[in-house]
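Heads up, the thing below is written out as structure tokens.
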Amino acid sequence: MPRHRVPVFLSLALLVSLTASATDFWLSKDWHQWTKDECATILNDSPWTRSEQGFVVQLRSALTIREAIVRQLEIAQAYDQKTEAQRKAFDSASGTILNTSYEKTILVRLYFSKDAPGIGPKQLKNLQPMIVTEDGQQITPTQTDADPMTPYAVDFYFPRLKDGAPAIKPTQKQFSFQFQVPQNPYAQGVNTQRLTISFDLTKMIIDAKPNY
């Protein structure tokens, strides 16, 4: 390599390194140190949260998402300024979020647009949600819950295992979440639109394996 090009090459390499580090801060930065904006990034625009046409889909079983939720609470409630007793009480309560086991379940939350008329949990039976794996396998939820604290959110619990083996195989690189778009009650005709939101497993690697 010509000597005069080395500084340029090193500068580009450094830029790529810094960009990757800034983008994937959750890999190098302890979650207790995440800022309010970093939590918002994970919860709103990250490998674990995707949006399409006003709908937002979030992988709530992912530990990274749950850490961002708890960190948001820490910031909102001024955790560092609490007494030791108050911090212990907070840690105990937040442990319910962090320590829940999702070994056999993939929890997907679907957020509806609050501006869309006629869209809400009452239309659950028409959503027909499913996870579609890279090899075309369709996984349907075993449980569906409307979140009473969030009127425009619905939780779907999908089985992680099928016949004792992972439904999403370790070698697969992506999967999608699909559902029937709720029909506007004022629209004419029958709505047959089905929305697909894809997730990239290669971008969810935590401790050498996909975290979802």
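The shortest distance between side-chain heavy atoms of Phe156 and Phe179 does not fall below 4.5 Å. A heavy-atom distance below 4.5 Å is not found between the side chains of Arg50 and Phe177. Taking 4.5 Å as the limit, some side-chain heavy atom of Ile65 sits within range of a side-chain heavy atom of Leu43. Inter-residue side-chain proximity for Pro210 and Ile205 is flagged as met; some heavy-atom pair is nearer than 4.5 Å. When side chains are defined from C-beta on, Pro159 counts as touching Ile139, because their heavy atoms get closer than 4.5 Å. Annotation: side chain of Tyr111 is in contact with side chain of Gln58 (closest heavy-atom distance under 4.5 Å).
Identified under the ring pair (Phe, Tyr, Trp, His ring centres under 6.0 Å) test for residues 62-91, with sequence neighbours left out: Tyr79-Phe90.
Checked against a 6.0 Å centroid threshold, the rings of Phe199 and Phe175 count as neighbours.
Other residues, nucleotides and ligands contribute over 12 non-hydrogen atoms within 6.0 Å of the CG atom of Asp135. Within 6.0 Å of NZ on Lys88 lie no more than 12 heavy atoms contributed by other residues, nucleotides or ligands. Counting non-hydrogen atoms of other residues, nucleotides and ligands closer than 6.0 Å to NZ of Lys169 gives a total above 12.
Here the straight-line distance linking atom CD of Glu134 with atom OG of Ser176 works out to 10.5 Å at 0.5 Å rounding. For the atom pair Leu110 CG and Leu127 CG, the distance stands at 6.5 Å (nearest 0.5 Å).
With hydrogens and angles disregarded, a donor-acceptor distance shorter than 3.5 Å links the side chain of Trp34 to the backbone of Lys29.
Judged by distance alone, the side chains of Gln178 and Gln138 never bring a donor and an acceptor atom under 3.5 Å apart.
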Only distances under 3.5 Å count here; give the side-chain donor-acceptor pairs of residues 98-108 to other protein atoms, sequence neighbours excluded, each with its distance to 0.1 Å.
| unit_1 | atom_1 | unit_2 | atom_2 | d |
| --- | --- | --- | --- | --- |
| Asn99 | ND2 | Gly95 | O | 3.2 |
| Thr100 | OG1 | Thr96 | O | 2.4 |
| Ser101 | OG | Glu103 | N | 3.4 |

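Both Val154 and Val181 sit in one connected hydrophobic cluster of ILVMFWY residues. Membership requires side-chain heavy atoms under 4.5 Å apart, directly or through other members.
Between Asp200 and Lys173, no side-chain nitrogen of the basic residue sits less than 4.0 Å from a carboxylate oxygen of the acidic one, so the salt-bridge criterion is not met. A salt bridge does not link Arg71 with Glu38: none of the charged nitrogens is closer than 4.0 Å to a carboxylate oxygen.
With sequence neighbours left out, Tyr157 forms a side chain to side chain donor-acceptor pair (under 3.5 Å) with no residue at all.
When each of Ile206, Leu201, Thr64 is paired with Tyr212, the side chain to side chain contact (heavy atoms under 4.5 Å, CB included) condition holds for Leu201 and for no other.
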_Checking Asp155 against Arg60 for the salt bridge (Lys or Arg N to Asp or Glu O under 4.0 Å) test, could you report, in this order, the C-alpha distance in whole Å, the side-chain angles of both residues, the deciding distance, and whether it holds?_
CA-CA 9 Å; Asp155 290 334; Arg60 300 281 283 200; 5.3 Å; no
